[in-house]
Number of protein chains: 2
Amino acid sequence: MEPRTPTRRTGRPPRLSREAILAAAQRILGEEGADQLSMRRLAKELSSTPMALYHHVRDKDELLLLLLESHASAFPRPELPAEPRGRLIAAAQVLHDILAECPWIVEVLASDDLFAVSALWIVENMIDAAVECGLTPEQAVYVYRVIWYYTAGELTIRLGRERRRATLDRQPHRTQALAALDPEVFPRLASLASGWDELTNTDTHHEGLVAIVDGLLTALRPTA
Amino acid sequence: MEPRTPTRRTGRPPRLSREAILAAAQRILGEEGADQLSMRRLAKELSSTPMALYHHVRDKDELLLLLLESHASAFPRPELPAEPRGRLIAAAQVLHDILAECPWIVEVLASDDLFAVSALWIVENMIDAAVECGLTPEQAVYVYRVIWYYTAGELTIRLGRERRRATLDRQPHRTQALAALDPEVFPRLASLASGWDELTNTDTHHEGLVAIVDGLLTALRPTA
DNA sequence: ACCTGAACACCGTTCAAGT
DNA sequence: ACCTGAACACCGTTCAAGT
């Protein structure tokens, strides 16, 4: 009379799982960098074949989005200020901080400017805060987009720098190219040449973000 | 007594040339898109072999930079306003307009945030205008960088959209994903869902740029 | 149901040889 | 000097077959 356990399995028991695949992918990402993460390399890491992976993820893009998803959901979710301008800035900052640890995802995200669901609360907060700042919903989306472009750009260039570091910097450095410029036609660039690398390597994301938010708010807000 | 012509050629006469290679590359770019431009495809276009190309360009990156170079130098160079804020904005706008026609270059440019020499006058003008706005050279470079990130981000996402269009849009659209959100936890996103695509497809680069410039100037400028 | 092997249709680039 | 062919060391993905 005892019924057969309803969750009876059929077929071969799985050797791989999404979790195992994601864990292996994270290992490669951490130890060898995003450029080394290929379906073939990942299969090797799991002592499996490339094709076995396609039983657990639809394609490589889905794999990358799953990685972002797990990274974003593990990220500590900070208290946001109640005051709208501060909330907008703080939310945008979290967005940046989450993605700064996986800039390789921007290439995937760029295809359609949207996100992992576990990061959607950030977008919601940004738009809501912008509306509370006195903007229309349409303007709020526009503010969100400008900030997203800024963030995506910073990440793209961050990724480029990382790649460059990985390729061991054998190419002539930009400082030299700048120093070689004719100071008659490029006075500013020529005089800045020696300090260029230092200037462009400093992290100024946050100040830029604040300035952008304030610029947008003053441009759009009805002058009360 | 007549000396032998000093430019006497030795060896085999060239069948390929940089110009021919660049022209063919531009043809592929225009007709089939940036994704189709590979060294092998380019060789085929020229009825040659992939390896013949390496006699005229160092590698694929150099080829892409040469393409940018020729594109940028052909671009009409507009009069810039004398007034510094306007000049800063106008220069940044040209930068954007030049690159908007070849967003695929951003991946290459991103490796080190610098340019084709025939676009350097823009950077020079941006930094010079920022200094004339009352900023220090260091602040001016920082302003340039924020604008460059914004521009690079817009281009990256533009490229993504183009790629998406090329892959024939067979994936479920974001509007659906947004509409499926719980309006209790994502009230803003849920209510915007139906208009999302339209809102995110409109070109708002210029307004964003102006707002960013003004935001940066008010944040940095000594309150006179 | 889950996994394997071989194959397809590509990449960028190096190297040794040909004219 | 300029070009070719074959090869190296990869990609993501599909398809037919195995257990």
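The chains referred to below are lettered A, B, ... by the order of the sequence lines, with proteins before strands, and numbering in each begins at 1.
Taking side-chain N and O atoms only, A:S48 has no distance below 4.0 Å to OP1 or OP2 of C:dC3. Between B:H56 and D:dC3, a side-chain N or O to OP1/OP2 separation shorter than 4.0 Å is present.
Heavy atoms from other residues, nucleotides or ligands lying under 6.0 Å from CD of B:E62 number more than 12.
We find that B:E31 and B:R27 are not joined by a salt bridge, their nearest charged nitrogen and carboxylate oxygen being 4.0 Å or further apart. Contact check on A:E107 versus A:R163 returns a salt bridge, with a Lys/Arg side-chain nitrogen under 4.0 Å from an Asp/Glu carboxylate oxygen.
Nearest to the side chain of B:Y54, among D:dC11, C:dG12, D:dT13, sits C:dG12. Counting only heavy atoms from C-beta on, B:S38 has its side chain closest to C:dG12 among C:dG12, C:dC3, D:dT13. The listed nucleotides are D:dG12, D:dT4, D:dC3; the one nearest the side chain of B:T49 is D:dT4. Nearest nucleotide to the A:R15 side chain, out of D:dT13, C:dT4, C:dT13: C:dT4. Minimum atom distance to the side chain of A:K60 is reached by D:dG12, of the listed C:dT13, C:dT4, D:dG12. When distances are taken from the side chain of A:R40 to each of C:dA7, C:dC3, C:dT4, the shortest belongs to C:dA7. If you check D:dC15, D:dC3, C:dC3 against the side chain of A:M51, the one that comes closest is D:dC15.
Atom NZ in B:K44 sits roughly 14 Å away from atom P in D:dT4 (whole-Å rounding). Protein atom CG of A:L16 is 17 Å distant from nucleotide atom P of C:dA1, rounded to whole Å. Spacing between atom CZ of A:R163 and atom P of C:dG12 amounts to 15 Å, rounded to whole angstrom units. Summarising the geometry, the separation between CG on B:L63 and C1' on C:dT13 is reported as 14 Å, rounded to the nearest angstrom. Rounded to an integer number of Å, the gap from B:L53 CG to D:dT4 C1' is 12 Å. Across the protein-nucleic acid pair, A:D35 atom CG and D:dC11 atom C1' stand 13 Å apart, rounded to whole Å. Atom CD1 of B:I21 and atom P of C:dG12 are 14 Å apart (whole Å). A:M39 has its CE atom 13 Å from the C1' atom of D:dT14, to the nearest Å.
A heavy-atom distance below 4.5 Å is found between the side chains of B:R41 and B:I28.
Spacing of C1' atoms, C:dA16 relative to D:dC3, comes out at 13 Å, to the nearest Å.
The base-pairing partner of D:dC10, taking Watson-Crick or G-U wobble contacts with both distances under 3.5 Å, does not exist among the strands shown. The partner of C:dT4, taking Watson-Crick or G-U wobble pairs whose two distances both stay under 3.5 Å, is D:dA16.
Note on ring orientation: taking the six-membered ring where Trp is involved, the planes of A:W196 and B:Y144 are tilted (angle from 30° to 60°).
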